[in-house]
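Notes follow the structure.
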Protein chains: 2
Amino acid sequence: MSATHTGVTTPGEPIVSCADDCGIREVLDRIGDKWSVLVVVELAHGVRRFRELQRAVDGISQRMLTLTVRRLERDGLVSRTVYPTVPPQVEYKLTELGHSLTHLLQAMTEWSAAHREAIAESRRRWDAEHPDSDIR
Amino acid sequence: MSATHTGVTTPGEPIVSCADDCGIREVLDRIGDKWSVLVVVELAHGVRRFRELQRAVDGISQRMLTLTVRRLERDGLVSRTVYPTVPPQVEYKLTELGHSLTHLLQAMTEWSAAHREAIAESRRRWDAEHPDSDIR
DNA sequence: CGGGATCCGACACGATACTG
DNA sequence: CAGTATCGTGTCGGATCCCG
């Protein structure tokens, strides 16, 4: 209802509809970090143990895997099951909530695939036109 | 093709399909920062000048708005038009590529709206069960 | 108005060592 | 195996000053 919007909403566009934030930042604060989506993607393939996850994700440190999987568990996206064996065995799997996220990740994958080349070319052109820029 | 996947893919799930990354991290590296999506959302409403953007986004510093809008321009999501008037006038608008992103942001908004309460409750329960935790 | 240049703190992340 | 604890570092972002 603010009177500051002078622009005309493009008709037919799926305008993100809320005045300011929407919940986008909430989503990004949750999965926008370096490892969460990769862990979720791996868990989308099935149940995984800790070391299996670490081997699968490639590059993730023990510490970051622990932190990532803890946060996902806290948010209810991943469930953690401990079997009191020796040596210990811990299994991780997506919850229903976690599975619902894979639809969104699918959409992100498709958008990336569809536009990555256009973006790459835009970057090349921009970099050529701005040889000395610290933006990168 | 790796033989390390022992888990069975849940049938009917929109599995993110690629072995490892998919392009998800590319997308997040582009819009996963603190301000990009907010700027894109604001520009989805129409053409905006620099100060208009800064007032609309709320909380963004001059420096970060400059950086954010430069990167978006470099990636071809936003176009920048300079009118050599005095005082200077610069207009920003989404490109076709930028508009295509709004569909994805719409999906993120809907997912957030649909599950934010479930996530919030999961957090409350987790925090209650783990009173002393540095995970947060 | 629309920036650029500089300084600085916070935090995300990585590396390493240790443990039940 | 599945973590925890500690330390070090790079980068992101905020604050401030300056300029055409």
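FYI, side chains are in, hydrogens and waters are out, and symmetry mates aren't considered; it's all heavy atoms of this structure. Quick note on labels: first sequence line is chain A, next is B, and so on, each numbered from 1. If you're wondering where the values come from, they're calculated on a predicted model, not measured in any experiment.
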Could you state the atom-to-atom distance from [atom1] of [X] to [atom2] of [N] in whole Å?
{"X": "B:I135", "N": "C:dA12", "atom1": "CD1", "atom2": "C1'", "value": "13 Å"}
{"X": "B:R55", "N": "C:dG2", "atom1": "CZ", "atom2": "C1'", "value": "12 Å"}
{"X": "B:D134", "N": "D:dT6", "atom1": "CG", "atom2": "P", "value": "10 Å"}
{"X": "A:R30", "N": "C:dA12", "atom1": "CZ", "atom2": "P", "value": "15 Å"}
{"X": "A:L65", "N": "D:dT4", "atom1": "CG", "atom2": "P", "value": "11 Å"}
{"X": "B:Y83", "N": "D:dG20", "atom1": "OH", "atom2": "C1'", "value": "21 Å"}
{"X": "B:L67", "N": "D:dG14", "atom1": "CG", "atom2": "P", "value": "10 Å"}
{"X": "B:I60", "N": "D:dG13", "atom1": "CD1", "atom2": "P", "value": "9 Å"}

Select one nucleotide: of [options], the one nearest the side-chain heavy atoms of [X].
{"X": "B:V90", "options": "D:dT4, C:dG14, C:dG3", "answer": "C:dG3"}
{"X": "B:R80", "options": "D:dG13, D:dG3, C:dG3", "answer": "C:dG3"}
{"X": "B:P87", "options": "C:dC1, D:dT4, C:dG3", "answer": "C:dC1"}
{"X": "A:D33", "options": "C:dC13, D:dA2, C:dC1", "answer": "C:dC13"}
{"X": "B:R71", "options": "D:dG13, C:dC13, C:dG4", "answer": "D:dG13"}

Test B:D75 against every option in A:R123, A:R116, A:R125 by the salt bridge (charged side-chain N to carboxylate O under 4.0 Å, His left out) rule and name the one that passes.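 Single pass found, and it is A:R123.
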Both A:P88 and A:K34 contact DNA chain C. Which one's nearest nucleotide lies toward the 5' end?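 Of the two residues, A:K34 wins.
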Looking at [X], does any N or O in its side chain come under 4.0 Å of the phosphate oxygens OP1/OP2 on [N]?
{"X": "A:R51", "N": "D:dA2", "value": "no"}
{"X": "B:Y92", "N": "C:dC1", "value": "no"}
{"X": "B:R63", "N": "D:dC12", "value": "no"}

Could you walk me through whether B:R25 and A:L38 satisfy the side chain to side chain contact (heavy atoms under 4.5 Å, CB included) test, starting with their C-alpha distance in whole Å, then the side-chain angles of each, then the deciding distance to 0.1 Å, before giving a yes or no? CA-CA 8 Å; B:R25 280 250 43 97; A:L38 302 180; 3.9 Å; yes
Would you call B:R124 and B:E117 a salt bridge, using N to O less than 4.0 angstrom?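 Yes, B:R124 and B:E117 are salt-bridged.
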Approximate separation, where rounding is to 0.5 Å, of B:L28 CG and A:D33 CG: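 So the CG of B:L28 and the CG of A:D33 are separated by 8.5 Å.
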So B:H130 and B:W126, would you call those rings parallel, tilted or perpendicular, with 30° and 60° as cut-offs?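 Answer is parallel, since the angle falls under 30°.
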